[in-house]
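Letters go in sequence order (proteins before strands), and every chain restarts at 1.
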Amino acid sequence: MDDIQAVNALVRRCVTGDAAAWQEIVQQYHRRIYNICYRFSGSPDDAADLTQEVFIKMYRTLSTFDTARASLMTWITTVTRNLLVDHFRKGKYDRVTDSLDATPGNQDDGLTLVEKLEDRSAGPEARVRSQETQKLVHEALRKLSPELREAVILRDLQDMDYKDIAIVLKVPEGTVKSRINRGRTELARLLQRNYKQVS
Amino acid sequence: MPSENQSGMQCVECEGLLAEAIDGALHGSTLAAFEAHQQSCAACRAMVEEATAGMHWLKGLDEAEPPRNLVHNILAQTIGALPSEHAVVSPRGDGWFDKIKGRLATVFAPVATPRFAMSFGMAFFSITMLLSIAGLHLSDLRRLDLSSKGVTKTYYSTQARVIRYYENIRLVYEIESRVRDLRRVATPEKQQEEPTPKNQPKSDNRQDKDRRNQNYSRDGNQPELAASPAGNEQGMNKVTNQARLRGPQQAPPLSLVGCLNRRTA
């Protein structure tokens with residue numbers, strides 16, 4: 001509760017024109033916004049540009065932030081998501097979505113993905129640490145549809161709870177869960193196709 | 001596809017609980033029913049496995065490192081200030097200077113951006129280049145005499161320059177010549193009575209020109225002194241008297257008389 005009050009006080013100072021408060025907000029949230037933009041757009045340069053745009057938009061509209069409706073983090077994430085959607089609609093980022101035609105039954109050896117992953121000495125989290133694997137997962141994430149991509153980014157990369165994600169995405173909580181499940185499943189199937197490359 | 005099995009849970013319910021199940025948020029009978037459904041439903045079991053694997057892949061992604069100059073660029077584009085690593089967050093309302101500074105920073109934030117600075121620079125460069133092409137230099141302003149005498153002098157000199165320019169236009173000169181010929185035809189006798197500067201020495205031509213130029217700005221109804229031969233007071237008086245006799249309607253314009261005298265000479 002103290003953190004919320006401190007953040008709200010920071011916002012109030014910022015609205016009154018305190019440059020130091022604004023600098024503190026930028027320092028505190030730029031990494032998070034950059035990561036959301038980077039995972040959504042897939043490009044570091046685009047992510048940097050989008051992050052700057054997000055903060056410019058925030059700076060102009062910070063006075064509209066209502067502390068009673070949502071936390072600052074949720075509000076910032078909403079601003080970020082709206083900007084990403086706008087850019088996506090403008091066609092700046094091409095949607096590269098594969099179909100979900102890859103089923104577990106298509107595997108050559110008849111093993112499920114989990115069985116394959118379990119065959120490894122280390123788990124997926126350990127294996128994904130390598131640069132090559134990181135790259136493949138990142139590319140697979142880009143191939144998800146924007147609706148699924150933003151849902152899994154907010155949940156699995158930003159650790160937001162379903163309620164806040166529902167506020168950000170402006171959809172019911174059930175829809176959020178459904179999108180997260182579908183996003184995770186589709187990502188696993190896309191990686192399963194490239195399983196040989198990953199391993 | 002089995003929609004319901006011995007556990008009593010349908011696939012739709014299983015899918016709805018999938019997120020909580022992966023998060024480990026299911027407990028008690030719900031968890032038992034969910035696990036029982038998985039044991040009997042291969043499709044749901046595969047779905048759970050894939051979703052779990054997808055979550056692990058995503059969780060394994062490292063946080064991307066933002067560019068070093070990102071914060072600097074953001075602050076430059078918003079408040080136009082450079083980030084200070086040791087910046088101390090001063091409490092609001094420390095002093096009147098800080099308040100004014102903060103308010104001004106907010107007001108000028110939209111224009112205090114690199115883009116605006118670039119536009120301003122380009123505009124300044126364009127204006128400077130145009131002034132240079134037009135022959136205007138800012139250094140000329142230093143020599144500008146802004147006293148009352150200086151302003152009056154500048155006014156009259158500019159006026160004389162404009163009139164001189166106007167009089168020297170070929171078209172104006174030709175029109176005046178035609179008008180003068182017409183007047184001479186209409187009043188041949190009077191024109192003949194006017195003194196002709198035939199005996200004017202050649203050395204006085206320059207002075208004559210100068211005097212004519214000085215009289216260009218005068219009223220056309222006045223007699224043109226420069227039209228008379230230099231030193232010929234008698235001739236000058238004749239012209240003056242003729243002009244007075246003709247009155248304002250008959251008096252030829254100053255420049256016409258001058259041109260006539262030049263032509264006659």
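- A donor-acceptor pair under 3.5 Å links the side-chain atoms of A:Gln134 to the main chain of B:Asp62, judged by distance alone.
- For chain B, the nearby part of A:Tyr38 is the side chain; its heavy atoms alone come within less than 4.5 Å.
- Of the atoms belonging to B:Asn69, not a single heavy atom falls under 4.5 Å from chain A.
- Comparing B:Gly16, B:Pro67, B:Ala51 by how many heavy-atom pairs each has under 4.5 Å with chain A, the most go to B:Ala51.
- Here CG of A:Leu187 is found 12.0 Å from CE of B:Met55. Values are rounded to the nearest 0.5 Å.
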Candidate pair A:Tyr59 and B:Ile74, rule side chain to side chain contact (heavy atoms under 4.5 Å, CB included), full reasoning | CA-CA 10 Å; A:Tyr59 189 76; B:Ile74 290 168; over 6 Å; no
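- A:Gln52 contributes atom CD, which lies 4.5 Å from atom CG of B:Asn73 (distance to the nearest 0.5 angstrom).
- Rounded to the nearest 0.5 Å, atoms CG (A:Leu144) and CG (B:Leu58) are 8.0 Å apart.
- To the nearest 0.5 angstrom, A:Arg184 atom CZ is 12.0 Å from B:Met47 atom CE.
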Kindly determine whether B:Glu20 and A:Lys177 satisfy side chain to side chain contact (heavy atoms under 4.5 Å, CB included), including the steps that lead there.
-> CA-CA 9 Å; B:Glu20 283 94 344; A:Lys177 290 177 182 175; 2.2 Å; yes
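- Considering every non-hydrogen atom in both B:Lys59 and A:Arg155, the closest pair reads NZ-O, 4.3 Å.
- Heavy atoms of A:Leu141 lying under 4.5 Å from chain B belong exclusively to its side chain.
- The shortest side-chain heavy-atom distance between B:Asp23 and A:Tyr162 falls under the 4.5 Å cut-off.
- The environment of NZ in A:Lys170 is crowded: more than 12 heavy-atom neighbours from other residues, nucleotides or ligands sit within 6.0 Å.
- Shown here for B:Leu70 and A:Ala48, the closest heavy-atom pair between the two residues is CD1-O, 3.8 Å.
- For A:Ile180, no part lies under 4.5 angstrom from a heavy atom of chain B.
- Of all non-hydrogen atoms in B:Ala64 and A:Arg31, the two that sit nearest each other are O-NH1, 4.3 Å.
- By the 4.5 Å heavy-atom criterion applied to side chains, B:Leu75 and A:Phe55 are not counted as neighbours.
- Annotation: side chain of B:Trp57 is in contact with side chain of A:Thr133 (closest heavy-atom distance under 4.5 Å).
- Between the CD1 atom of B:Ile22 and the CG atom of A:Asn181 there is a distance of 6.0 Å, given to the nearest 0.5 Å.
- When heavy atoms are compared at a cutoff of 4.5 Å, A:Arg39 approaches chain B solely by way of its side chain, counted from C-beta outward.
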